[in-house]
K.L.:
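Could you have a look at this structure, given as structure tokens, before my questions?
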Amino acid sequence: MGKFKATDSPLPTVPGYDMAGVVVKVGSQVKNLKEGDEVYGHISEKVLEGPKQFGSLAEYTAVEEKLVALKPKSIDFAQAAGLPLAIETAHEGLERAGFSAGKSILVLGGAGGVGSLVIQLAKQVYGASKVAATASTPKLELLKSLGADVAIDYTKDSFDDMPDKYDVVFDAVGQGEKAVKVVKEGGSVVVLTGAVTPPGFRFVVTSDGSVLAKLNPYLESGKVKPVVDPKGPFPFSQVVEAFSYLETGRAAGKVVISPVP
């Protein structure tokens, strides 16, 4: 889409940020990882500062140690590969919104990559009193399986016409103007895309392996589950098809590409 034309890397630039894989070599300054370790992470610390020359859509990539964590043993590489940016975004958004035990939250786009993790983190990690989320009709059961107390079918009902108000609204789809109508006084609206209307705020996530390490026990125990779109993982030869599918906006969870046959 041309968003990264002012890149920090000379061509050819390999796209891709998230990854999961096996360490094949370490530099002299690396302290906590060794060859053979299974890791996952987001390879660009500041997400929107242009693609790196060695992106993750490749068989090999280079990454700073502080941006990765050991992969939870209970999930496979495809599941782990789709997690870093989404779970770090979900976590940082909840932190910045001051979310805590006993609060209520509405997640707009609850079946998507970030939304599916916001539901789970709010419920399992933060101890939300009530989690509501929006999705299309076929994905309502997915919302409930992730822990949503209220699943709203946006094709039939408009959440801003409902009487309920929430401590936090996490908007992953770009409905900021509607979102602010259902937030309690003194509450927060986390905006990932689209226009920002006060008290909404937008942030750019910072990649941080220590956040992944902190959340690993919840992944290990199965309290938080990665959601990989059932059409995937796409083989490496179908990167273009994977992006085309992503652009339809119909994916459930994360669209994953695996170079391993």
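These numbers come from the heavy atoms of this one structure, side chains and all, not from hydrogens, waters or symmetry mates. For the single chain, residues carry numbers from 1 onward in sequence order.
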K.L.:
Backbone N or O of H91 within a donor-acceptor pair of the R96 side chain at under 3.5 Å?
P.N.:
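Answer holds: no.
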K.L.:
Would you say the side-chain atoms of D208 and T206 include a donor-acceptor pair closer than 3.5 Å?
P.N.:
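No, no side-chain donor-acceptor pair sits under 3.5 Å.
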K.L.:
Tell me whether the count of non-hydrogen atoms from other residues, nucleotides or ligands lying under 6.0 Å of CZ in F201 goes above 12.
P.N.:
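More than 12 heavy atoms, drawn from other residues, nucleotides or ligands, come within 6.0 Å of this atom.
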K.L.:
So which heavy atom on Y40 is nearest to which on L70, and how close?
P.N.:
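In this case the closest contact between Y40 and L70 is CE2-O, 3.4 Å.
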K.L.:
Indicate the atoms forming the closest heavy-atom contact of G41 with V68, along with that distance.
P.N.:
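Shortest heavy-atom separation between G41 and V68 comes out as CA-CG1, 4.1 Å.
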K.L.:
Inspect the surroundings of NZ in K165 and state if more than 12 heavy atoms from other residues, nucleotides or ligands are less than 6.0 Å away.
P.N.:
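For K165, atom NZ is crowded (more than 12 foreign heavy atoms under 6.0 Å).
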K.L.:
Are I105 and D167 close enough, and set up right, to give a side chain to side chain contact (heavy atoms under 4.5 Å, CB included), and what steps lead you there?
P.N.:
CA-CA 6 Å; I105 187 168; D167 294 303; over 6 Å; no
K.L.:
When you measure from the centre of the six-membered ring of Y245, is the NZ or CZ of K231 closer than 6.0 Å and no more than 45° off the axis?
P.N.:
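Pair K231/Y245 counts as cation-pi.
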K.L.:
Can you classify the ring geometry of Y126 versus F99 as parallel (below 30°), tilted (30 to 60°) or perpendicular (above 60°)?
P.N.:
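Answer is perpendicular, since the angle exceeds 60°.
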K.L.:
Looking at K130 and D149, is any side-chain nitrogen of the basic one under 4.0 Å from a carboxylate oxygen of the acidic one?
P.N.:
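Result for this pair is no, no salt bridge flagged.
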K.L.:
Under 3.5 Å, is there a donor-acceptor pair between the side chain of K103 and the main chain of S100?
P.N.:
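Side chain of K103 to backbone of S100, a donor-acceptor pair under 3.5 Å: no, none is there.
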K.L.:
How about D171 and L192: do any of their side-chain heavy atoms sit closer than 4.5 Å?
P.N.:
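No, too far: nothing below the 4.5 Å cut-off.
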K.L.:
Checking K123 side chain against G127 main chain: does a donor-acceptor pair fall under 3.5 Å?
P.N.:
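No: the side chain of K123 does not pair with the backbone of G127.
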K.L.:
Using a 6.0 Å cut-off, check whether atom CD of E177 has over 12 heavy atoms from anything other than its own residue.
P.N.:
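Atom CD in E177 is not crowded, with 12 or fewer foreign heavy atoms closer than 6.0 Å.
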K.L.:
Quick one: do the D153 and T137 side chains pair a donor with an acceptor below 3.5 Å?
P.N.:
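The criterion, which ignores hydrogens and geometry beyond distance, is satisfied for T137 and D153.
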K.L.:
If I compare all heavy atoms of I119 with all of G147, which pair ends up nearest, and what's the gap?
P.N.:
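Residues I119 and G147, closest heavy atoms: CG2-C, 4.0 Å.
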K.L.:
Would you check if L117 and L83 make a side-chain contact, meaning some heavy-atom pair closer than 4.5 Å?
P.N.:
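A side-chain contact under 4.5 Å exists here.
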K.L.:
Counting distance only, does the side-chain N/O of D160 pair as donor-acceptor with the main-chain N or O of K181 below 3.5 Å?
P.N.:
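No, because the side chain of D160 does not come within donor-acceptor range (under 3.5 Å) of the backbone of K181.
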K.L.:
Would you sort out whether Q175 and Y154 count as a side-chain hydrogen bond (donor to acceptor under 3.5 Å, both in side chains), showing the intermediate values?
P.N.:
CA-CA 12 Å; Q175 293 185 304; Y154 70 74; over 6 Å; no
K.L.:
Got a donor-acceptor contact below 3.5 angstrom from the Q238 side chain to the P235 backbone?
P.N.:
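Such a contact is absent between Q238 side chain and P235 backbone.
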K.L.:
Between K66 and E45, is the closest basic N to carboxylate O distance under 4.0 Å?
P.N.:
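K66 and E45: salt-bridged.
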K.L.:
Give a yes or no answer on whether the side chain of Q120 reaches the backbone of K225 with a donor-acceptor pair at less than 3.5 Å.
P.N.:
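Side chain of Q120 to backbone of K225, a donor-acceptor pair under 3.5 Å: yes, one is there.
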